[in-house]
Amino acid sequence: MKIMVVGSGGREHAIIKKIKLSPLAEKIYALPGNGGIAADAECIPIKATDIEGIARFAKENAVDYAVVSMDDPLILGCVDALNAEGIPCFGPVKDAAIIEGSKIFSKTLMKKYGIPTAEYETFTDCAEALRYLKGHPAPIVIKADGPALGKGVIIAQTDKEARDAVISMMEDKKFGESGTKVVIEEFLTGPEVSVLSFTDGNVVIPMVSSMDHKRALDNDEGLNTGGMGTVAPNPYYTPEIAAECMEKIFIPTMKAMNAEGRTFRGCLYFGLMLTEKGPKVIEYNCRFGDPETQVVLPLMESDLLDVMMHVTEGTLSECDVRFSDDSCCCVVMASEGYPVSYEKGFEITIPEDISEDVFIAGAKISDGRLLSDGGRVLGVTARDATLAGAIEKAYARVKRVSFANAFWRNDIGARALKAKGGK
Ligand code: AMP
Ligand code: GLY
């Protein structure tokens, strides 16, 4: 089969490396991919948001199956456009991708169907939002309604920060149209867990749980980033909590989307917070998480492409979806200065024996050399029978990968390890 993957990050590299293992995959295109992905797929320079260009390419090249794994094309209706050309896809249609595309949609859905989440109000008027803040002191959370590259969430620790956030989003339009509507919600506390799941609208099959590390610096200090590293499984996510999430969150969400006429087929990502009052949804994503995918897929023992095709066909219940009991750790190596400003264009060297375990996020090829070309450059992963072993191996590998200006967190997995008593 000819497979096409739409996206260009470390997540797409992990997906492509896994799909490559399937006996069903004969040829893989990446649109646009990146310099690292080029080792595993043929990269085609069509932007992930050029929906017409993607559909045309797929048709002209007789693509048999497409995987759309990036938020923007999903929210823009890439799957609908491909389906219109008769190309089956993994990923939700536009009407279902709205679960990530609009926070007001997802919050309203959760309220309507009794799915546990933070208390909230939505606002389209700046003065009203500011009035509401007077009765709701900090800490409080302000979220832009639409997509804002992961930066549209402000955790305001003071009343002034909360007011400034509302004004910058609603009046100054810091996130453009995405921020003209906002959600103001209760500040929750507790360990965070990411759960990626496969769903075809009939059943939902969670993958192994994981833990992201969103802040740029050690000890969860510094700015929020796209994610500086991950571990799987997440030790806070016990079998009891998993059962509770299945009953109160996962199945109700799948059924709610069906009831709204927005059946979700693809990877539904649950960003959860385990509060004293039980697990609550912090956010939904309509796709695999990045860098969660880089630790989840290496633990998957089933044929990913086969599972994806069952999702598309609505026959996921017939599928055997298995994960190893091992642990996995991914350490992101970024460019110094990320997420604000950074230099790029430095040569990357990766020893051959670990290249299968390095997922490239931001790199290009120039004169046959692999050069850094983004904030997050790559993720180095390792798998082991224990979490402690996986972390140790991942950091040993980080020392063997090099590019000028690289920086990374030194405590990926430390909190998880502590929760497990060091094992
Ligand atoms: P989101 O983009 O919605 O995932 O939010 C980004 C991060 O902000 C989350 O991973 C949480 O760490 C934090 N966050 C979001 N909503 C809340 C909330 N209601 N209470 C506390 N922290 C939150
Ligand atoms: N790692 C969080 C996300 O993919 O949105």
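As the structure is a computational prediction, the values presented were derived from the model and not from experiment. For ligands, and for the atoms within them, numbers begin at 1 and follow the listed sequence.
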Handout entry: Separation of E192 CD from M273 CE (nearest 0.5 Å)
Key =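 So the CE of M273 and the CD of E192 are separated by 4.0 Å.
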
Exercise for the section: Report the distance from atom CD1 of I205 to atom CZ of F198, rounding to the nearest 0.5 Å. Expected result: 8.5 Å

Problem - Qualifying side chain to side chain donor-acceptor pair (under 3.5 Å) pairs, either residue in residues 390-407, two or more places apart - result: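 The answer is T349-S402, D353-R400, D357-R397, D384-K393.
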
Handout entry: K174 NZ: over 12 foreign heavy atoms closer than 6.0 Å
Key =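 12 or below, so no.
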
Measure and list all N/O to N/O distances between ligand 2 and the protein that fall under 3.5 angstrom.
unit_1: ligand 2; atom_1: 1 (N); unit_2: D212; atom_2: OD2; d: 2.9
unit_1: ligand 2; atom_1: 1 (N); unit_2: D290; atom_2: O; d: 3.0
unit_1: ligand 2; atom_1: 1 (N); unit_2: E292; atom_2: OE1; d: 2.7
unit_1: ligand 2; atom_1: 1 (N); unit_2: E292; atom_2: OE2; d: 3.2
unit_1: ligand 2; atom_1: 4 (O); unit_2: R287; atom_2: NH1; d: 2.9
unit_1: ligand 2; atom_1: 4 (O); unit_2: D290; atom_2: N; d: 2.9
unit_1: ligand 2; atom_1: 5 (O); unit_2: N285; atom_2: ND2; d: 3.1
unit_1: ligand 2; atom_1: 5 (O); unit_2: R287; atom_2: NH2; d: 3.1

Problem - Sub-3.5 Å N/O-N/O distance, E192 and ligand 1 - result: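 Looking only at distances, the answer is yes, because the N/O contact criterion of under 3.5 Å is met.
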
Exercise for the section: Using distance alone, decide if ligand 1 has a nitrogen or oxygen within less than 3.5 Å of any nitrogen or oxygen in F187. Expected result: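 Between F187 and ligand 1, no N or O pair is found under 3.5 Å apart.
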
Exercise for the section: Locate the shortest heavy-atom distance separating L370 from I360; write the atom from each residue and the value. Expected result: CD2-CD1, 4.2 Å

Exercise for the section: Sequence neighbours left out, what pairs pass salt bridge (charged side-chain N to carboxylate O under 4.0 Å, His left out) with at least one residue falling in residues 110-127? Expected result: K112-E260

Exercise for the section: Identify, by atom number and element, the atoms of ligand 1 in contact range of V141, meaning under 4.0 Å from any of its heavy atoms. Expected result: 16 (N), 17 (C), 18 (C), 19 (N), 20 (N)

Problem - Among T275, D212, I155, closest by any non-hydrogen atom to atom 8 (O) of ligand 1 - result: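 Closest candidate by heavy-atom distance is I155.
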
Fill in the blank from the handout: Any heavy atom of V153 under 4.0 Å from ligand 1? The part involved is side chain

Exercise for the section: For S197, enumerate each residue passing the side-chain hydrogen bond (donor to acceptor under 3.5 Å, both in side chains) test, keeping only those at least two apart in sequence or located in another chain. Expected result: none

Problem - Y65 ring center within less than 6.0 Å of F90 ring center - result: no

